[in-house]
Protein chains: 2
Amino acid sequence: MNISELADELNLSVTTVSRALSGQGEKYRVSKATVQRVLDAAEKHHVAPDPLGAGLQRGKLGMVGLLVPDITNSFFSGLARSIELVLRKRGMTVQLCDTAEDEHCEVEVLEHILKRRLDGLILAPVGKSSERLLRALESAPFPVVIVDRIFPEITLPTVSLDNEAAGRLAAGHLLAHGHRRIACLRGDRESHTDRARFRGVQAAMQQAGLQLDPALVQGAGYTRAAGVEGAQNILSQPHRPDAVISLNGQGILGILEVAAEKNLQIPADLSVVAFDEQPWSALVKPPLTTIEQPVELIAKKAAELICEKISGTKPKQRHIVLQAVLRERKSVA
Amino acid sequence: MNISELADELNLSVTTVSRALSGQGEKYRVSKATVQRVLDAAEKHHVAPDPLGAGLQRGKLGMVGLLVPDITNSFFSGLARSIELVLRKRGMTVQLCDTAEDEHCEVEVLEHILKRRLDGLILAPVGKSSERLLRALESAPFPVVIVDRIFPEITLPTVSLDNEAAGRLAAGHLLAHGHRRIACLRGDRESHTDRARFRGVQAAMQQAGLQLDPALVQGAGYTRAAGVEGAQNILSQPHRPDAVISLNGQGILGILEVAAEKNLQIPADLSVVAFDEQPWSALVKPPLTTIEQPVELIAKKAAELICEKISGTKPKQRHIVLQAVLRERKSVA
DNA sequence: TACCCTTGCACAAACGATTGTGCAAATCTA
DNA sequence: TAGATTTGCACAATCGTTTGTGCAAGGGTA
């Protein structure tokens, strides 16, 4: 049953019913009695305005898209959960798309999604997300917010970590514990996130008067396979490192796997700091020292940002940068 | 730019443009030349039919809802990813809702979602999901498919694991390895999933002429906290078990946490079999022996089922039941 | 009684598509 | 050349809302 049938039943016009239901009764001088009558009947018959009709009229449907590289990654699933929660509270729904950490797929998905009518888009770009693509999004017919990764030349609003500081934090922790020969398992080197984290690591090393051994900087991607390969390369060096930093959440899986293969004890043979807190971080042996991103906060900020842009109010900040915290456990000797 | 502006530019009617774009040109005798002209212009101006307009007309929008108890749980995020992929290939999009493993929230979300116009809904109910709620869904204005949990009295189509067999599998494995005093960390005892798995465990025990010690059957919920509490109860028994089965993916987190606290060595002091394969299952020490659900297959079946129901073709089977596999590693002595 | 102001609602035009049908012009048949 | 057929497209209704405006009835004032 739709509101026009409801109107028939009440011997009213659709107009009046619509106004009563949308709370605009007062504005349009629908009598209180009538409003109540409509409300009661609507309740009784479980009638609510069809969002499609309304959406068509208003030009908005109350939907925002959420593009993530891998919903299976706990960082992104945490993000998704919090974003969905915030948006649902505001009466909006989330359209999920998983880009499989693949540039090509991302383009495809974006084309798919650009054809649908969204009110906004929250995008967590894949590592090698092309700037060209994001350029195109700058002139999308709806607001776009980027999370997790930064592209300096892109003017779209972003919410992200202070990755350089986080990198310093990780390296600084290892240095403070006396480690000198530090390895670094990177993700995609073309991503600004990875670069910034790496810059942070380098900065901390330099400050300590040290240099990263290029042979100990490995890794090229955010998949688990890439993590394994990078870890292999690092741990097969003749002069093994005494500590390793995983610059992303997937990498640590590779490190653990390869370390186990090679029978390396953590932290006796190898200290480890891993980016991204995961549900199991505290449960492996030894519990992992991690760099934790404030996932919920990132999600909240992103959700608020997109809402502000949708409703047209000028957001206070264009780029929101949040700080990571070090969660110290037992993986650093 | 929409198709009526396109029509203006080409000096055609919206009708013709619509038919050309939708591939119905032949059927309605639009000349090939005209069709091509429309196609070219559409390409040039990046015009595609607005899904809202089309949706309103057709009564379908190409969207299916996906309700999961916890997208952060790797079982559900895996499910979400695969479902989204299958549906996207068919031109549909997925609306994600997280019910936070909370019955109350689930009702709320369902009300929220029932007001939007969906073509279908894939529901992974929370543990205590009330039958009343599902009853209501039986008469929803769109098809509904249930995954992961079974409700015998509900006629909605389902895709799920053969949970009883999976329970037998887990217990059988422990029994075959000589374990006799077996504990069981349950999830929500009111959920049919949990009951079926538990029945399987009991059956295997009985077949071996044994009985579960009621004191070793603990746990009441799918949250991590519930897992910890249950594990506490199990591992604090004066007469400790020599093996424990976690009947759900969260529970194992509790077991590992409590075992570490109590300094119990796995598998020397305690053997463990955990339901649900997780990205880190192989990486903890010792690597976990798990009961793996065929997540991708479940997702695929559910997606196909909902598509069939949406398009009106009668699905072959009403209830699809899949088998789990035991992934043997090192957590069973 | 004549006039004006308020109250309470309905009319009708959008929003952007799809689809059955109608109507000319072009082509064919006799 | 007249009539029948086919070809190619446009008209108009429809999906379910929202919203600016119009219009009648009721009440008050002079």
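In what follows, every heavy atom counts, from backbone to side chain, and hydrogens, waters and symmetry copies are set aside. Chain A is the first sequence line, chain B the second, and so forth, proteins listed ahead of strands; every chain is numbered from 1. All figures in this text were calculated on a predicted structure; none of them were measured in a lab.
Listed pair A:Thr34 / C:dC9 meets the phosphate criterion, a side-chain N or O lying under 4.0 Å from OP1 or OP2. Listed pair A:Ser31 / C:dT7 fails the phosphate criterion, with no side-chain N or O lying under 4.0 Å from OP1 or OP2. Under 4.0 angstrom from either OP1 or OP2 of D:dA10 there lies at least one side-chain N or O belonging to B:Thr16.
Across all strands, B:Thr15 comes closer than 4.0 Å to base atoms (heavy-atom distances). Within the nucleic acid shown, B:Arg29 comes within 4.0 Å of at least one base atom, counting heavy atoms only. Residue B:Ala48 is classed as a sugar-phosphate contact, given heavy-atom separations below 4.0 Å to backbone atoms only. Within the nucleic acid shown, A:Ala20 has no heavy atom closer than 4.0 Å to any nucleic acid atom. Residue B:Ser22 is out of contact with every strand shown, counting any heavy-atom pair closer than 4.0 Å.
B:Leu12 has its CG atom 19 Å from the P atom of D:dT7, to the nearest Å. Atom P of nucleotide D:dG16 and atom CD of A:Glu5 are separated by 8 Å, given to the nearest angstrom. Distance, B:Arg58 CZ to C:dT19 C1': 11 Å, rounded to whole Å. One interatomic measurement links the two molecules: CG of A:Leu61 to P of D:dG16, which rounds to 15 Å at whole-angstrom precision. As rounded to whole Å, 13 Å separates atom C1' of C:dA17 from atom CD of B:Gln24. As rounded to whole Å, 9 Å separates atom C1' of C:dC15 from atom CG of B:Asn2. Separating the CZ atom of B:Arg19 from the P atom of D:dT7 is a distance of 16 Å, rounded to the nearest angstrom. Atom CG of A:Leu10 is separated from atom P of C:dG8 by 17 Å (rounded to the nearest Å).
In summary, the side chains of B:Tyr222 and B:Ser191 do present a donor paired with an acceptor at a separation below 3.5 Å, with no hydrogens or angles considered.
In this structure a side-chain-to-backbone donor-acceptor pair under 3.5 Å is missing from A:Lys309 to A:Pro157. In this structure, the side chain of B:Thr99 engages the main chain of B:Val68 through a donor-acceptor pair within 3.5 Å. Not one N or O on the side chain of B:Arg19 forms a donor-acceptor pair closer than 3.5 Å with the backbone of B:Lys27.
Taking every side-chain heavy atom of A:Gln57 into account, D:dT17 is the closest of D:dT17, C:dG8, D:dG8. When distances are taken from the side chain of B:Asp50 to each of D:dT17, C:dG16, C:dG20, the shortest belongs to C:dG16. In the set C:dG20, C:dT18, D:dT17, the nucleotide with an atom closest to the side chain of B:Tyr28 is C:dG20. Side-chain atoms of B:Val30 lie closest to D:dC9 of the nucleotides D:dC9, D:dT19, D:dT18.
Salt bridge status for A:Arg135 with A:Glu138: present, with a side-chain N to carboxylate O gap under 4.0 Å.
Enclosure of atom NE2 in B:His104 is not indicated, since only 12 or fewer non-hydrogen atoms of other residues, nucleotides or ligands lie within 6.0 angstrom.
Remark on DNA chain C: of its neighbouring residues B:Lys27 and B:Pro51, the 5'-side contact belongs to B:Pro51, judged by nearest-heavy-atom nucleotide.
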